[in-house]
Amino acid sequence: MTTAAGGLLGSGLPAMAGRQTRAKSVIHLFMSGGMSHLDTFDPKPGLPGSVPSIPTNVPGIFISSNLPRLADRMDSITLFRSMSHAAKSHQAARMATLDFPAEWSFAAPSQDGTNDFMRDIVAARRRIENRARLVCLELEGWDTHTDNAGRTAIQSSILDTALADLLDELSFRNLLSETLVALSTEFGRSARLNGFGGRNHHPHAYTCLMAGGGTEGGRVIGATTDDGMEAIGNTTSPEQFNAIIASRLGSDSLA
């Protein structure tokens with residue numbers, strides 16, 4: 001495993017050493033509502049309401065037990081664990097995160113926990129096969145002010161299946177090396193549970209990820225404190241994260 005504690009390149013982007021293959025397309029997955037990093041990609045065992053962490057197929061990298069299939073595909077994924085900004089509201093955080101023009105496909109979960117996200121994932125892959133440059137999908141349901149454990153488990157199961165299948169299909173069709181898959185969210189969640197068993201907004205530390213498109217997998221960029229509340233060392237802003245995506249496409253922006 002290669003772990004970078006947020007070192008910066010001359011361009012101001014987090015260090016992304018490794019293969020520099022240019023991507024032809026991007027599939028951008030947005031976890032709407034603020035995905036809890038503590039219960040997905042940056043677990044902190046021992047925190048109130050925390051779930052167990054599990055080893056991945058990359059020695060030394062652990063993620064939440066909510067994501068068993070993605071744990072088996074970590075060698076294709078780079079985690080950005082020191083994402084940070086100052087916007088606490090959904091609107092402001094969303095504007096900072098999605099600061100590029102795109103048409104978003106909205107996938108909302110139904111009351112029984114099912115949704116159209118898997119269907120949209122398949123459609124996104126087909127659009128990439130037809131040479132689409134940027135496909136953006138949104139999965140609602142991560143605003144877990146109440147019952148964080150139960151609601152995050154449902155959302156994580158949807159994400160775990162959909163993203164694992166997408167990576168497998170892209171790899172099978174020899175498209176993963178030229179397709180960058182990026183996942184982002186507004187912000188993370190607080191370590192302390194509120195009175196409703198939920199976690200509140202926390203923009204100072206959270207996790208995003210990339211896979212494919214020339215990204216070297218099996219890596220962690222940055223880290224957080226033991227309670228997951230603060231990024232350690234240099235942070236990655238949403239603007240920097242999007243700039244990395246643009247650089248993989250060989251352009252200055254995602255317009």
Side-chain angles (χ1 to χ4, degrees), residues 1-7 14-19 21 27-29 31 35-47 49-83 117-118 121 139 142 148-149 152-172 175-177 179-185 188-189 191 199 205-228 231-233 236 241 244-245 248:
M1 178 189 71
T2 302
T3 302
M16 290 291 289
R19 299 189 303 274
T21 306
I27 298 177
H28 194 134
L29 310 177
M31 304 294 103
M35 180 183 70
S36 171
H37 58 303
L38 303 173
D39 304 289
T40 53
F41 295 104
D42 191 11
K44 304 293 184 179
L47 288 182
S50 65
V51 295
S53 62
I54 56 174
T56 68
N57 66 351
V58 178
I61 299 180
F62 292 78
I63 63 174
S64 166
S65 59
N66 284 328
L67 302 167
R69 292 192 63 194
L70 290 178
D72 288 337
R73 290 154 181 82
M74 192 54 55
D75 56 346
S76 297
I77 296 170
T78 287
L79 298 177
F80 291 75
R81 281 181 172 167
S82 58
M83 298 293 302
F117 195 58
M118 179 59 76
I121 285 280
L139 178 62
W142 297 93
N148 175 80
T152 299
I154 292 172
Q155 293 304 103
S156 296
S157 178
I158 295 168
L159 173 62
D160 192 47
T161 299
L163 181 51
D165 282 357
L166 175 62
L167 295 178
D168 288 352
E169 282 294 314
L170 290 174
S171 180
F172 176 76
L175 292 172
L176 187 58
S177 63
T179 305
L180 179 64
V181 179
L183 181 147
S184 63
T185 190
R189 292 276 153 182
R199 299 194 192 278
Y206 64 104
T207 301
C208 294
L209 66 82
M210 292 183 188
T215 300
E216 182 181 359
R219 302 181 68 217
V220 175
I221 305 295
T224 56
T225 51
D226 288 344
D227 61 1
I232 298 174
T236 304
F241 187 77
I244 294 169
I245 298 174
R248 287 297 186 191

J.: Is any side-chain heavy atom of Leu139 closer than 4.5 Å to a side-chain heavy atom of Ile158?
T.: yes

J.: Should Ile232 and Thr225 count as side-chain neighbours, where that means a heavy-atom distance under 4.5 Å?
T.: yes

J.: According to side-chain contact (heavy atoms from CB on, under 4.5 Å), who are the partners of Thr161, at least two apart in sequence or on a separate chain?
T.: Arg69, Met118, Asp165

J.: Does Asp75 have any side-chain hydrogen bond (donor to acceptor under 3.5 Å, both in side chains) partners at least two apart in sequence or in another chain, and if so, which?
T.: Asn57

J.: Can you list everything that forms a side-chain hydrogen bond (donor to acceptor under 3.5 Å, both in side chains) with Thr224? Sequence neighbours excluded, please.
T.: Asp42, Lys44

J.: Can you tell me how far the OG1 atom of Thr215 sits from the CD1 atom of Ile244, to the nearest 0.5 Å?
T.: 8.5 Å

J.: Taking the side chain as everything from C-beta on, heavy atoms only, tell me whether Arg189 gets closer than 4.5 Å to Trp142.
T.: no

J.: Ser184 and Cys208: which non-hydrogen atoms are nearest, and at how many Å?
T.: CA-SG, 3.5 Å

J.: State the CD1-OG distance between Ile54 and Ser65, to the nearest 0.5 angstrom.
T.: 6.0 Å

J.: With side chain to side chain contact (heavy atoms under 4.5 Å, CB included) as the criterion, how do Leu167 and Ile77 come out once you've worked through the C-alpha distance, each side chain's angles and the decisive distance to 0.1 Å?
T.: CA-CA 10 Å; Leu167 295 178; Ile77 296 170; 4.2 Å; yes

J.: Mind checking what makes side-chain hydrogen bond (donor to acceptor under 3.5 Å, both in side chains) contact with Asn148, not counting sequence neighbours?
T.: Asp39, Thr144, Thr152

J.: To the nearest 0.5 Å, what is the distance between OG (Ser76) and CG (Leu209)?
T.: 11.5 Å

J.: Sequence neighbours excluded, which residues qualify as salt bridge (Lys or Arg N to Asp or Glu O under 4.0 Å) partners of Asp226?
T.: none

J.: Measure across Met35 and Thr207 and return the closest heavy-atom pair with its distance rounded to 0.1 Å.
T.: CE-O, 3.9 Å

J.: Could you tell me whether the side chain of Leu163 reaches within less than 4.5 Å of the side chain of Arg73, counting heavy atoms only?
T.: no

J.: Distance check, rounded to the nearest 0.5 Å: Phe117 atom CZ versus Met31 atom CE?
T.: 4.0 Å

J.: Assess the residue pair Met210 and Phe80 against the criterion (side chain to side chain contact (heavy atoms under 4.5 Å, CB included)); give the C-alpha distance rounded to whole Å, side-chain angles, the decisive distance to 0.1 Å, and a yes or no.
T.: CA-CA 8 Å; Met210 292 183 188; Phe80 291 75; 4.0 Å; yes

J.: Counting C-beta onward and ignoring hydrogens, is there a side-chain heavy-atom pair between Gln155 and Thr40 closer than 4.5 Å?
T.: no

J.: Keeping the roles fixed (side chain from Arg199, backbone from Gly188), state whether a donor-acceptor pair exists under 3.5 Å.
T.: no

J.: Output all residues satisfying side-chain hydrogen bond (donor to acceptor under 3.5 Å, both in side chains) with Ser157, sequence neighbours left out; order by chain, then residue number.
T.: none

J.: Yes or no on side chain to side chain contact (heavy atoms under 4.5 Å, CB included) for Asn66 and Asp160, after CA distance, side-chain angles and deciding distance?
T.: CA-CA 8 Å; Asn66 284 328; Asp160 192 47; over 6 Å; no

